[in-house]
Amino acid sequence: MDKEAQAQMNEELSGWKLVVGDVFREPSFPKLLCVMVADGIQITGMAVVTIVFAALGFLSPASRGMLLTGMIILYLFLGIIAGYVGVRVWRTIKGTSEGWKSVAWLTACFFPGIVFIILTVLNSILWGKKSTGALPISLFFTLLALWFCISVPLTLIGGLLGTRAASIDYPVRTNQIPREIPERKFPSWLLVLGAGTLPFGTLFIELFFILSSIWLGRFYYVFGFLFIVLFLLVIVCGEVSLVLTYMHLCVEDWKWWWKAFFASGSVAFYVFLYSINYLVFDLRSLSGPVSATLYLGYSLIMALAIMLSTGAIGFLLSFYFVHYLFSSVKID
């Protein structure tokens with residue numbers, strides 16, 4: 001009986017229960033994490049609404065400009081949700097609303113800023129070559145005006161709403177001294193990078209048709225099927241991130257915040273590799289280094305958007321899981 005009781009006690013005091021005092025310790029670069037999660041939710045919302053509208057026939061796939069305009073307008077107006085989510089996560093991590101304005105500002109400027117820099121570099125190359133494919137300078141100023149007049153104010157309003165929402169309290173207290181993480185045979189980033197293969201498996205067949213639609217001028221009509229693929233992608237991203245977070249907690253690794261984000265977000269790495277593969281084997285019509293640079297620049301924007309979107313889904317589901325796990329178990 002004593003042996004059984006001892007075994008039961010050892011079982012109870014092993015794995016994730018040992019990190020109870022560290023599991024909600026503040027992650028490194030908390031502001032960047034909040035901003036990336038907020039931008040990811042904004043991109044996910046834009047993608048879902050655009051695909052639903054296109055599947056219902058409101059956005060015609062024949063007129064590409066309409067689809068792109070719809071996506072930009074949706075992204076601008078969804079800034080209010082991004083601001084809310086970013087500030088809410090910031091308040092949860094910090095326990096106070098102090099510094100929420102900088103989080104809201106960074107949320108409004110992070111992803112659009114990176115996209116704007118990439119587009120400027122690509123356009124500079126095209127202007128240098130005197131190409132007709134370069135974006136007109138008037139369009140740049142129009143996008144900047146929309147960004148600062150609609151997206152930024154809405155994100156700040158969302159942030160203000162986030163400060164007034166009910167705070168999410170941790171179910172357990174955090175110890176003052178951080179617990180030592182045991183050494184492992186394999187680095188954890190290897191597992192995180194490998195986890196991206198599962199979400200990529202649900203995505204890669206559809207990715208071929210999307211890339212063909214963008215670069216080979218083929219029309220894309222199967223938005224209903226694309227919505228199902230997106231739904232499956234969300235489920236797989238959530239499951240992968242959740243399982244990986246639990247695995248890290250079981251080996252007493254309490255630094256799960258960023259790993260939860262990149263476990264599902266690492267699918268973007270494989271998307272970018274697939275884009276390079278598509279360029280080499282399927283896009284033989286592209287001539288010269290300028291065309292290849294343009295293609296890789298746009299592929300980088302797509303991969304970044306996918307990383308933020310899938311990472312945000314994985315992180316929020318993992319956070320809910322960890323919060324639920326430690327609040328449902330009574331630990332003395």
Worksheet item: So, do Ile93 and Cys34 sit near enough that their side-chain heavy atoms are less than 4.5 Å apart?
Response: yes
Worksheet item: What closest approach, in Å, do Tyr84 and Ala165 show between heavy atoms, and which atom pair accounts for it?
Response: OH-CB, 3.5 Å
Fill in: Shared hydrophobic cluster for Leu230 and Phe225 (ILVMFWY, side-chain gaps under 4.5 Å)
yes
Practice prompt. Would you kindly say whether Ser264 and Thr310 are connected by a side-chain donor-acceptor distance under 3.5 Å?
Written response: no
Discussion item. Show, in sequence, the C-alpha distance, side-chain angles and deciding distance for Phe231 and Ile235, and conclude whether the side-chain contact (heavy atoms from CB on, under 4.5 Å) test is met.
Written reply: CA-CA 6 Å; Phe231 180 69; Ile235 291 171; 3.4 Å; yes
Fill in: The single option from Ile117, Val121, Val115, Asn123 passing side chain to side chain contact (heavy atoms under 4.5 Å, CB included) against Leu119
Val115
Item to complete: Indicate yes or no: at least one non-hydrogen side-chain atom of Gln42 is less than 4.5 angstrom from one of Phe77.
Response: no
Discussion item. Measuring from atom OG of Ser309 to atom CE of Met307, what distance do you get when rounded to the nearest 0.5 angstrom?
Written reply: 10.5 Å
Worksheet entry | Donor + acceptor pair across side chains of Thr245, Lys259 (<3.5 Å) | no
Worksheet entry | Phe326 with Leu244, same ILVMFWY side-chain cluster at under 4.5 Å | yes
Worksheet item: Taking a hydrophobic cluster as the set of Ile, Leu, Val, Met, Phe, Trp and Tyr residues connected by side-chain heavy atoms closer than 4.5 Å, whether directly or through intermediates, do Val89 and Phe262 fall within one such cluster?
Response: yes
Discussion item. To the closest 0.5 Å, what do you measure between CG (Asp39) and CG (Leu308)?
Written reply: 6.0 Å
Fill in: Student check: side-chain heavy atoms of Val240 and Pro199 closer than 4.5 Å
yes
Practice prompt. Search all heavy atoms of Ala195 against all heavy atoms of Ala263 and return the closest pair with its distance.
Written response: CB-O, 3.5 Å
Discussion item. Check the orientation of Phe111 and Tyr75. Use parallel for under 30°, tilted for 30 to 60°, and perpendicular for over 60°.
Written reply: tilted
Discussion item. Using 30° and 60° as the class boundaries, would you call the ring planes of His323 and Phe319 parallel, tilted or perpendicular?
Written reply: tilted
Worksheet item: Using a distance-only test with no angle check, is there a side-chain donor-acceptor pair under 3.5 angstrom linking Tyr278 and Ser212?
Response: yes
Worksheet item: Within 45 degrees of the axis of the six-membered ring of Trp100 and under 6.0 Å from its centre: does Arg91 put its NZ or CZ there?
Response: no
Worksheet entry | Trace of the side-chain contact (heavy atoms from CB on, under 4.5 Å) decision for Leu67 with Phe223 | CA-CA 12 Å; Leu67 204 65; Phe223 285 103; 4.1 Å; yes
Worksheet item: At what distance, to the nearest 0.5 angstrom, does CD1 of Ile41 lie from CZ of Phe315?
Response: 10.5 Å
Discussion item. Quick check: is Leu156 connected to Ile81 through a chain of hydrophobic side chains (ILVMFWY, heavy atoms under 4.5 Å apart)?
Written reply: yes
Fill in: Expected output: side-chain Trp256 to main-chain Val23 donor-acceptor under 3.5 Å
yes
Discussion item. Atom CD of residue position Glu98 - does it have more than 12 heavy atoms of other residues, nucleotides or ligands inside 6.0 Å?
Written reply: no
Practice prompt. I would like to know whether Ile210 and Leu226 meet side-chain contact (heavy atoms from CB on, under 4.5 Å); could you show each step before the answer?
Written response: CA-CA 10 Å; Ile210 292 167; Leu226 184 62; 3.8 Å; yes
Discussion item. How long is the straight-line distance from CG of Leu76 back to CE of Met71, given to the nearest 0.5 Å?
Written reply: 12.0 Å
Worksheet item: Between atom CZ of Phe200 and atom CG of Leu233, what is the distance when rounded to the nearest 0.5 Å?
Response: 11.0 Å
Worksheet item: Looking only at atom types and distance, does a side-chain atom of Tyr170 sit under 3.5 Å from a main-chain N or O of Thr92, one as donor and one as acceptor?
Response: yes
Worksheet item: Looking at Ala303 and Phe272, what are the two nearest heavy atoms and their distance?
Response: CB-CB, 4.1 Å
Discussion item. Between Tyr295 and Ser275 (side chain of the first, backbone of the second, donor and acceptor by atom type, cut-off under 3.5 Å), is there such a pair?
Written reply: yes
Worksheet entry | Spacing of Glu206 atom CD and Ile228 atom CD1 [to the nearest 0.5 Å] | 9.5 Å
Worksheet item: Which is it for Phe116 and Leu144 under the side-chain contact (heavy atoms from CB on, under 4.5 Å) test, yes or no, and what are the steps along the way?
Response: CA-CA 9 Å; Phe116 193 75; Leu144 270 175; 3.7 Å; yes
Worksheet, complete the sentence: Between Ile313 and Cys237, the two heavy atoms sitting closest are CG2-CB, 4.5 Å
Discussion item. Can a side-chain donor-acceptor contact be found between Thr155 and Thr107 if the only test is distance below 3.5 angstrom?
Written reply: no
Item to complete: Side-chain contact test, heavy atoms from C-beta onward, threshold under 4.5 Å: evaluate it for Ile137 versus Trp127 and give yes or no.
Response: yes
Fill in: Heavy-atom neighbours of Tyr324 OH exceed 12 at 6.0 Å
no
Practice prompt. May I ask you to test the Val48-Phe53 pair for a side-chain heavy-atom distance under 4.5 Å?
Written response: no
Discussion item. According to a hydrophobic-cluster definition based on side-chain heavy atoms being under 4.5 Å apart (Ile, Leu, Val, Met, Phe, Trp, Tyr only), do Leu294 and Phe140 belong together?
Written reply: yes
Worksheet item: Would a distance-only check, ignoring hydrogens and angles, find a side-chain to backbone donor-acceptor pair under 3.5 Å from Ser241 to Gly238?
Response: no
Worksheet entry | Heavy atoms from other residues, nucleotides or ligands near NZ of Lys255 exceed 12 (cutoff 6.0 Å) | no
Worksheet item: Are the side chain of Ser213 and the backbone of Phe209 linked by a donor-acceptor contact shorter than 3.5 Å?
Response: no
Item to complete: Please state whether the rings of Tyr274 and Phe204 are parallel, tilted or perpendicular, taking 30° and 60° as the class boundaries.
Response: perpendicular
Fill in: Heavy-atom pair of closest approach, residues Thr197 and Gly194
OG1-O, 2.6 Å
Discussion item. Below 30° counts as parallel, above 60° as perpendicular, anything between as tilted: where do the rings of Phe24 and Trp257 land?
Written reply: perpendicular
Worksheet item: Hey, does Met247 have a side-chain heavy atom less than 4.5 Å from the side chain of Leu191?
Response: yes
Response to the item:
Closest non-hydrogen atoms of Ile150 and Pro153, given as atom of the first, atom of the second and distance, are O-CD, 3.4 Å
Practice prompt. Return yes when atom CZ of Phe227 has more than 12 non-hydrogen atoms of other residues, nucleotides or ligands closer than 6.0 Å, and no otherwise.
Written response: no
Worksheet item: Is there a donor-acceptor pair closer than 3.5 Å between any side-chain N or O of Trp147 and the backbone N or O of Ala108?
Response: yes
